Amino acid sequence: METTAATRAGTDILPGKVGVWWFLASEVMLFGGLIGSFIVSRLGSSGWSGEAAHLSVPVAAINTLVLLTSSMTMVMAFGAVEKGDPRGLRTYLFLTILLGLTFLGIKAYEYSSEVAAGFTPVTGLFWSFYYTMTGLHALHVLAGIITNLALFVMARRGLRNQHRVELAGLYWHFVDIVWIFLFPLLYL
């Protein structure tokens, strides 16, 4: 049973962890640039509140709850792998995947409602930002789902590497944190 990866010689750093943190730092730069551009553009022009009023705050709030719950299940998956509980690991990874898919399903419903109402990326600057930022975030959620699905398949085959679950958890929590910034900026 493989439960932990060997650390780098002379350090306590597990392989890949620094790489994941560097990757997340680059993603902070990407989303930070988008969020900064959004704030500057919003402060420099009027009418954005009227555009944002077309978004559904209750739907976005439910989606926020779904994503935050998925963070909890990811933590529980890591806890299960630390305890050597393969069934718990599979269960919590499955729930995380299911909640991620639920998030994307709600986002697809939201997109279809906005497009049906005539709000597309070319409708105005607000909508360009909205679709770019939430679409990029949705792609990151999809990448996290795929990563967790790979871990789930490995867990079904008996692999219980807590290091891999930890790294996937770092990414998943980053995706959640990004949404915590996007939700109030776009919807409130």
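In this chain, residues are counted from 1 in sequence order. This is a predicted model, so every value here is computed, not measured.
Around the OH atom of Y111, the shell of radius 6.0 Å holds more than 12 heavy atoms that belong to other residues, nucleotides or ligands. Residue-environment remark: CZ (F94) stays at or below the threshold of 12 foreign heavy atoms within 6.0 Å. Around the OH atom of Y130, the shell of radius 6.0 Å holds more than 12 heavy atoms that belong to other residues, nucleotides or ligands.
Between F103 and H137, the distance separating the two ring centers is shorter than 6.0 angstrom.
By the criterion of side-chain heavy atoms lying less than 4.5 angstrom apart, applied directly or through intervening Ile, Leu, Val, Met, Phe, Trp or Tyr residues, I146 is grouped together with V175 in one hydrophobic cluster. Hydrophobic clustering (ILVMFWY, side-chain heavy atoms < 4.5 Å, transitive): L99 and Y109 are in one cluster. Residues L151 and V20 fall within the same hydrophobic cluster, defined by Ile, Leu, Val, Met, Phe, Trp and Tyr side chains chained together at heavy-atom separations under 4.5 Å. Placement of I180 and W172 in two distinct hydrophobic clusters is found when ILVMFWY residues are connected by side-chain heavy-atom separations under 4.5 Å, directly or transitively. Hydrophobic clustering of Ile, Leu, Val, Met, Phe, Trp and Tyr side chains at less than 4.5 Å, counting indirect connections, keeps L139 apart from I177.
Across all their heavy atoms, E110 and A60 have their closest contact at OE2-CB, 4.5 Å. Here the closest heavy-atom approach between residue I106 and residue I62 is recorded as CD1-CG2, 4.1 Å. Of all heavy-atom pairs spanning M133 and F31, the tightest one is O-CE2, 4.1 Å. Considering every non-hydrogen atom in both T120 and Y131, the closest pair reads C-CE1, 3.6 Å. Residues A168 and N148 come closest through the heavy atom pair CB-OD1, 3.7 Å. When all heavy atoms of A80 and G88 are compared, the closest pair comes out as CB-C, 3.6 Å.
Side-chain atoms of S128 come within 3.5 Å of backbone N or O of P121 as a donor-acceptor pair. R42 contributes no side-chain N or O that, together with a main-chain N or O of F126, makes up a donor-acceptor pair within less than 3.5 Å. Judged purely by atom type and a 3.5 angstrom limit, T123 uses its side chain to pair as donor or acceptor with the backbone of G118. T132 contributes no side-chain N or O that, together with a main-chain N or O of F129, makes up a donor-acceptor pair within less than 3.5 Å.
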Could you list the donor-acceptor pairs under 3.5 angstrom formed between side-chain atoms of residues 33-41 and any protein atom two or more places apart in sequence or on another chain?
unit_1, atom_1, unit_2, atom_2, d
S37, OG, G33, O, 2.9
S41, OG, S37, O, 2.9

Practice item. Apply side chain to side chain contact (heavy atoms under 4.5 Å, CB included) to the pair L167 and K17, showing each step before the final yes or no. Key: CA-CA 7 Å; L167 297 180; K17 196 167 194 176; 4.1 Å; yes
Point to revise | N63 and F183: CA distance, side-chain angles, deciding distance, side chain to side chain contact (heavy atoms under 4.5 Å, CB included) verdict | key: CA-CA 9 Å; N63 231 6; F183 174 63; over 6 Å; no
**Study point:** Audit row: E114, W127, side chain to side chain contact (heavy atoms under 4.5 Å, CB included) steps and yes/no
**Key:** CA-CA 10 Å; E114 298 304 338; W127 294 104; 3.4 Å; yes
Exercise for review: Check step by step if side chain to side chain contact (heavy atoms under 4.5 Å, CB included) holds for Q162 and L89.
Suggested key: CA-CA 10 Å; Q162 73 185 47; L89 172 61; over 6 Å; no
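Side-chain contact between L136 and L30 is present, with at least one heavy-atom pair separated by less than 4.5 Å. A heavy-atom distance below 4.5 Å is not found between the side chains of Y92 and M74. Within the 4.5 Å cutoff, no side-chain heavy atoms of T147 are placed close to those of R164. The closest side-chain heavy-atom distance from V81 to E166 is not below 4.5 Å. With contacts defined as side-chain heavy-atom distances shorter than 4.5 Å, the pair V115/F119 does not qualify. Within the 4.5 Å cutoff, side-chain heavy atoms of W21 are placed close to those of L170. The shortest distance between side-chain heavy atoms of T134 and W179 falls below 4.5 Å. Taking the side chain as every heavy atom from C-beta outward, L104 and I145 approach each other to under 4.5 Å.
In this structure, NZ in K83 is found 11.5 Å from CZ in F78, a value given to the nearest 0.5 Å. To the nearest 0.5 Å, atom OG1 of residue T69 and atom CG of residue L98 are 11.5 Å apart. Between atom NE2 of residue H173 and atom CG of residue L24 there is a gap of 11.0 Å, rounded to the nearest 0.5 Å. Interatomic distance, L149 CG to L142 CG, rounded to the nearest 0.5 Å: 10.5 Å. Summarising the geometry, atom CE belonging to M72 is positioned 11.5 Å from atom CG belonging to D176; distances are rounded to the nearest 0.5 Å. Between M76 atom CE and L93 atom CG the span is 12.0 Å, to the nearest 0.5 Å.
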